[in-house]
2 protein chains.
Amino acid sequence: MSLRHGLLGLLAEGPASGYDLSRRFQEVLGALWPAQHPKIYAELGRMVDGGLIDIDSHGPRGRKAYRITEAGRAEVRRWLTQVDVDHTVRLEALLRSYFFWLMEPDDLARHLAREAEFYTEQAAIYRAYAERKDAGEFGSTPQVQSMRITIEGGVRVYEALAEWARWAATYKLPAAADGGAPEDGTANSDDG
Amino acid sequence: MSLRHGLLGLLAEGPASGYDLSRRFQEVLGALWPAQHPKIYAELGRMVDGGLIDIDSHGPRGRKAYRITEAGRAEVRRWLTQVDVDHTVRLEALLRSYFFWLMEPDDLARHLAREAEFYTEQAAIYRAYAERKDAGEFGSTPQVQSMRITIEGGVRVYEALAEWARWAATYKLPAAADGGAPEDGTANSDDG
DNA sequence: ACGGGCATGTAAGCGGTTACATGATTCG
DNA sequence: CGAATCATGTAACCGCTTACATGCCCGT
């Protein structure tokens, strides 16, 4: 249940409304940790009930700003230091790659080209963000330092995937063109 | 709903039981696309109803092997060529990094060290797998070629994360102590 | 006055995890 | 004979997404 802790972490910087939090999640974390507004509003309600946050102020258009409590601060710190990282990743692109052998070579080539393009673009978005940060556009508070690290992670992961897609294009296609016939025959049983 | 297509893809290699599929998902895809057995059995049931697979044979201990049908083959090919890739990623490690500023410097250092270790280990597991493959241990069928690409993706993603964690350790801590540029060499003018 | 963005929510449904439950077979 | 592993499932619950629904306020 990390959305809760993500919200608490953002609120640790200062009061914000559900709408604000939704936007901030989108900005940097959007491609790394998606969070839709219904989930956010629901979670905020639950956290008020649990005493982790409370309502700071009411604004125009029914706006409600939330403020983190001491219990909330303690909870986000507990999460950061005590709770094991959930290392689950779920990359559909890599799942698909397991089944590339079912695709026609030129469908596959097109697919990999599009994939490479997508990841390259994502990496560029993050890199541009990093450059704006390094140019001092956001100041140099501890929060911004942390954000810089997150962004760097985005750059590196997307660059890795972009390079992977380009590598895959050169790996698979020659195998389909030039011989490389399956002369093995014995292979079939599972276990490796 | 990619679990369905993953199962179909594996069944395209030949008949298998739910238990087999569960194990095969674990092996290579375990860290890239988790799939628990209850979900697998449920999905197999639904796919039989939908005519994408049917029961191939009954074995000992109530074992049921499933065989892909023509409709199933068509469906997995449709998925591979027609359906847009779901590019959603969800990396808790990067979400957390956004809140590093809330951590004590030595908690953070310990955290990043453990993270680096974990990702390095994962990368090593995949790299070892890749080497066994490249040594010809699994033959060189098209399926194995595809698997090789998946593995390469695993290596690259985990290596990227490992390097990121190591970079982060050199980036953040000098800022807390007394300045000094990160090894990476990229500009960070506003860095303390 | 009106359109776009601010702002908050509800409800249905899906996909996934965890815990529970059971039994057969093989191997030592 | 007992333990490990094979093998299949159900049920409860959780987290998340999508679609639906509403209304206000600001700028032009």
Ring of B/Trp33, cation from A/Arg96 - is the NZ or CZ under 6.0 Å from the centre and inside 45° of the axis?
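Here A/Arg96 fails the 6.0 Å and 45° test against B/Trp33.
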
Presence of salt bridge, B/Glu163 and B/Arg166, under 4.0 angstrom:
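A salt bridge is absent here (no side-chain N lies under 4.0 Å from a carboxylate O).
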
Could you say whether A/Gly62 or A/Met1 is positioned toward the 5' end of DNA chain D, judged by the nucleotide with the nearest heavy atom to each?
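Nearer the 5' end of the strand: A/Met1.
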
On DNA chain D, compare the nucleotides closest to A/Pro60 and A/Trp33; which residue's is nearer the 5' end?
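Checking each residue's closest nucleotide, the 5'-ward one belongs to A/Trp33.
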
Using whole Å, what does the distance between atom [atom2] of nucleotide [N] and atom [atom1] of [X] come to?
X	N	atom1	atom2	value
A/Tyr66	C/dG9	OH	C1'	10 Å
A/Tyr19	D/dG23	OH	P	18 Å
A/Tyr41	D/dT22	OH	C1'	13 Å
B/His37	C/dA21	NE2	P	14 Å
B/Asp20	D/dA7	CG	P	6 Å
A/Glu43	C/dG9	CD	C1'	15 Å
A/Phe25	D/dC16	CZ	C1'	13 Å
B/Lys39	D/dT8	NZ	P	17 Å

Pick the nucleotide of DNA chain C nearest each of A/Arg63 and A/Ala42; which residue has the one closer to the 5' end?
A/Arg63

Polar side-chain atom of A/Arg77 near backbone of B/Leu102 as donor-acceptor pair, under 3.5 Å:
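Flag set: sc A/Arg77 to bb B/Leu102 pair under 3.5 Å.
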
If you only use heavy atoms from C-beta on, which nucleotide in C/dT8, D/dC16, D/dT8 is closest to the side chain of B/Arg90?
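Side chain of B/Arg90 sits closest to D/dC16.
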
B/Arg61 side chain, from C-beta outward: closest of D/dC16, C/dG5, C/dT26:
C/dT26

When all nucleic acid strands are considered with a 4.0 Å heavy-atom cut-off, which category describes A/Ser17: base, sugar-phosphate, or nothing?
sugar-phosphate

Tell me what B/Arg46 touches on the nucleic acid: a base, only sugar-phosphate, or nothing, going by heavy atoms under 4.0 Å.
nothing

Under 6.0 Å between the ring centres of A/His111 and A/Phe100?
yes

Distance-only polar pair, side chains of B/Glu92 and A/His87, donor-acceptor under 3.5 Å
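No.
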
